[in-house]
Amino acid sequence: MAQMISTMPMVDAAPAVSAIMPKLGQAACLDAPASGITVVSRQHVRPDAASAIGDLTLSVSDLPMLSCHYIQKGLFFPAPDLPMSSLVSLLASSLARALAAVPALAGRLVTLPDDRIVIRCNDAGVDFLHAVAPGLSLDDFLVPDADVPTKLTKDLFPMDRTVSYEGHRRPLTSFQVTVLGDGAVFIGIVANHAVVDGTSFWHFFNTWAAICRGESPKLLDFRRNFFGDSTAVLRFPGGVGPAVTFDVDAPLRERVFHFSADAIREMKAIANRRPSGGHDAEVYGKMAQDPKNPGEISSFQSLCAQIWLAVTRARKRLAPDATTTFRMAVNCRHRLRPAISPVYFGNAIQSAVTTATVSELARHDLRWAAGKLNASLAVYGDGAIRRAAAAWQAKPGCFPLGNPDGSVITMGSSNRFPMYDGNDFGWGRPLAVRSGRANKFDGKMSAFPGRPGDGSVDIEVCLPPETMAALLRDAEFMQYVSWASHLS
């Protein structure tokens with residue numbers, strides 16, 4: 001086992017209830033929610049060193065996220081070989097040090113007199129919850145060939161469906177460690193989406209884990225000027241913030257589909273195989289020879305194309321002439337010129353859009369759909385990013401998450417994020433990643449790396465019940481899906 005620190009955190013109050021699960025027994029669950037997950041202690045943790053950063057102005061990439069829910073992501077871990085009370089103390093103390101290294105997460109949002117919104121790095125602190133679920137085991141959450149049990153997973157996270165603008169009044173991050181009856185542990189982080197994107201979120205997760213292992217944290221870049229100094233503001237009269245832009249109560253089914261490295265290689269080979277002749281060959285050839293679209297179609301673009309085709313087929317009510325849209329979150333850090341630091345801490349994302357009609361996708365194959373995605377992403381460089389930023393500054397607004405016409409797929413997160421690598425807190429590598437109910441709607445998808453680290457990918461898919469049922473009957477899609485054991 002790696003060395004783990006044992007200093008005490010800076011907290012406002014000690015837990016009111018014992019954190020040792022074996023002593024709780026069945027009595028702790030008498031008033032538990034339907035999920036059986038009960039919060040038994042709550043601490044308010046502050047950084048263990050004062051911040052010297054001051055105010056950080058929200059950028060043109062941060063401000064649109066004020067209407068989004070806080071990000072909710074977490075990891076299952078094997079049972080640690082230390083008492084639960086020691087585990088909670090260890091995680092809280094290392095969190096205090098991690099917050100000192102990343103003070104933006106321990107602050108609050110403040111609207112200045114000129115309507116600029118800033119992150120005030122005032123060391124106000126975060127909530128750290130300890131929960132238990134003595135009647136649940138890892139197998140209750142990771143069920144082969146089944147929907148994600150969202151009635152259980154939602155209670156693994158605090159601040160459920162909190163809108164990011166609420167960071168004016170609530171902590172910018174909250175944390176919950178949940179101990180299951182079989183000893184497995186889930187560590188969940190909830191982070192304000194106007195403060196972090198996925199890259200920054202996982203940078204912090206890695207930082208916390210490294211400190212818990214006894215290592216020194218990496219320095220992050222907190223500057224917010226990669227687009228230059230913007231004078232654009234979002235105004236919310238009376239301090240009444242924005243609402244989310246989709247129906248949070250619409251019925252959804254959620255599944256995590258696993259695509260093995262072999263399956264992805266097969267899709268990539270199909271996507272890059274040149275057609276032998278005909279109109280499709282001519283169109284594909286023009287895409288491949290376009291100087292703005294060099295190189296082969298990537299593995300992930302090939303996988304996304306297969307998903308685009310299959311989900312469009314599963315949406316039975318779409319008219320043939322309806323326009324389908326595939327939105328993909330794009331990390332701007334390496335695409336800008338000059339490139340900004342890979343450890344830039346904040347939002348540095350935009351949404352690349354690819355469209356096609358339902359009939360076009362029905363007439364064409366994986367090669368064609370993948371070529372469309374490849375072409376859209378190939379031209380999404382410095383110029384496109386700056387044009388999108390300028391357009392937003394000319395007409396500021398919140399990002400319209402959702403699927404108003406029922407024909408949109410929104411791919412978020414990334415299979416390149418270090419979810420398994422770098423997140424060993426000292427007692428074992430993570431077993432699985434799961435998310436809460438935040439920012440989920442018809443067509444919302446999130447990419448996770450496969451746990452083996454061999455190029456496999458997990459895609460979290462949210463669809464209405466009838467669309468999910470049709471997708472599961474789609475043999476062309478399901479031939480590429482397999483089940484990945486959390487023990488692999």
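We number each residue from 1, following the sequence as shown.
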* Asked: Where the side chain of Thr245 meets the backbone of Leu401, is there a donor-acceptor pair that is under 3.5 Å apart?
  -> yes

* **Test item: Asn331 and Arg416 side chains (from C-beta on) under 4.5 Å apart, heavy atoms** => no

* Asked: Angle class for the Phe204/Phe175 ring planes (parallel below 30°, perpendicular above 60°, tilted otherwise)?
  -> tilted

* **Flag, side chain of Asn347 to backbone of His193, donor-acceptor distance under 3.5 Å** => yes

* To do: Taking the side chain as every heavy atom from C-beta outward, state whether Val88 and Phe128 have any atom pair closer than 4.5 Å.
  => yes

* **Close side-chain approach of Tyr420 to Val433, heavy-atom, < 4.5 Å** => yes

* Would you say Arg116's side chain and Thr57's backbone share a donor-acceptor pair under 3.5 angstrom? -> no

* Do the side chain of His130 and the main chain of Ser89 share a donor and acceptor less than 3.5 angstrom apart? -> no

* Asked: Rounded to the nearest 0.5 Å, how far apart are OG of Ser59 and CD1 of Ile117?
  -> 12.0 Å

* To do: Using atom types as modelled and distance alone, determine if a side-chain donor or acceptor of Ser174 lies under 3.5 Å from a backbone N or O of Pro158.
  => no

* Asked: Are any side-chain N or O atoms of Thr355 and backbone N or O atoms of Thr325, one a donor and one an acceptor, separated by less than 3.5 Å?
  -> no

* Any donor-acceptor N/O pair, Ser67 side chain to Pro242 backbone, under 3.5 Å -> no

* **Heavy-atom side-chain proximity of Phe205 to Leu75 below 4.5 angstrom** => yes

* **Which atom of Ala191 lies closest to which atom of Val196, heavy atoms considered** => CB-CG2, 3.7 Å

* Asked: Quick check: are there more than 12 heavy atoms from other residues, nucleotides or ligands sitting under 6.0 Å from CZ of Arg169?
  -> yes

* Can you list the steps and then say if Leu112 with Val118 is a side chain to side chain contact (heavy atoms under 4.5 Å, CB included)? -> CA-CA 7 Å; Leu112 302 179; Val118 302; 3.7 Å; yes

* To do: Measure up the Trp208 and Phe425 rings against each other and bin them: parallel (under 30°), tilted (30 to 60°), perpendicular (over 60°).
  => perpendicular

* Asked: Roughly how far, to the nearest 0.5 Å, is the CZ atom of Arg108 from the CD1 atom of Ile119?
  -> 12.5 Å

* Heavy-atom closest contact (His69 atom, Val248 atom, distance) -> CE1-CG1, 3.8 Å

* Asked: What are the two closest heavy atoms between Leu66 and Cys398, and how far apart are they?
  -> CB-SG, 4.5 Å

* To do: Quick one: sort the Tyr165 and His168 rings into parallel, tilted or perpendicular, breaks at 30° and 60°.
  => tilted

* Structure fact -> One should read off an interatomic distance between Leu129 CG and Leu156 CG, to the nearest 0.5 angstrom, of 12.0 Å

* Flag the pair Ser351 / Phe399 as yes when at least one side-chain heavy-atom distance between them is below 4.5 Å, and no otherwise. => yes

* Structure fact -> Closest non-hydrogen contact found for Ile349 with Met65 is CD1-CE, 3.6 Å

* To do: Measure across Arg434 and Phe76 and return the closest heavy-atom pair with its distance rounded to 0.1 Å.
  => CG-CE1, 3.8 Å

* Asked: Looking only at side chains, do Ser230 and Gln393 share a donor and an acceptor under 3.5 Å apart?
  -> yes

* Could you tell me the separation between the OG1 atom of Thr467 and the CG atom of Leu252, rounded to the nearest 0.5 Å? => 9.5 Å

* Asked: To the nearest 0.5 Å, how far apart are SG in Cys304 and CD1 in Ile307?
  -> 5.5 Å

* Candidate pair Asp221 and Arg333, rule salt bridge (Lys or Arg N to Asp or Glu O under 4.0 Å), full reasoning -> CA-CA 12 Å; Asp221 183 352; Arg333 289 167 174 80; over 6 Å; no

* Around atom CD1 of Ile53, are there more than 12 heavy atoms of other residues, nucleotides or ligands at under 6.0 Å? -> yes

* Asked: Heavy-atom distance under 4.5 Å between the side chains of Phe300 and Met328, does that happen here?
  -> yes

* Asked: Can you tell me if Asn403 uses its side chain to pair, donor with acceptor, with the backbone of Ser407 under 3.5 Å?
  -> yes

* At their closest point, which heavy atom of Glu254 faces which heavy atom of Cys462, and how far apart are they? -> CG-SG, 4.1 Å

* Asked: Is the backbone N or O of Gly371 less than 3.5 Å from a side-chain atom of Asn374, with the two atoms forming a donor-acceptor pair by type?
  -> no

* Asked: Just by distance, with hydrogens left out, do Thr178 and Gln176 show a side-chain donor and acceptor under 3.5 Å apart?
  -> yes

* Stepwise side chain to side chain contact (heavy atoms under 4.5 Å, CB included) test for Thr153 and Phe186 -> CA-CA 10 Å; Thr153 55; Phe186 185 84; over 6 Å; no

* To do: Test side chain to side chain contact (heavy atoms under 4.5 Å, CB included) on Cys212 and Leu91 and set out the steps.
  => CA-CA 7 Å; Cys212 199; Leu91 290 174; 4.1 Å; yes

* Kindly compute the distance separating CZ (Phe326) from OG1 (Thr410), expressed to the nearest 0.5 Å. => 8.5 Å

* To do: Answer whether the closest heavy-atom distance between the side chains of Leu180 and Phe141 falls below 4.5 Å.
  => yes

* Before giving the answer on side chain to side chain contact (heavy atoms under 4.5 Å, CB included), spell out for Lys218 and Val343 the whole-Å C-alpha distance, their side-chain angles and the decisive distance to 0.1 Å. => CA-CA 9 Å; Lys218 295 180 181 179; Val343 293; 5.8 Å; no

* Looking at Arg253, Lys440, Lys444, Arg437, which hits salt bridge (charged side-chain N to carboxylate O under 4.0 Å, His left out) with Glu460? -> Lys440

* Does any N or O in the side chain of Arg97 come within less than 3.5 Å of the main-chain N or O of Ile211, such that one atom is a donor and the other an acceptor? -> no

* Would you indicate whether the side-chain heavy atoms of Asp55 and Val110 approach each other to under 4.5 Å? => no

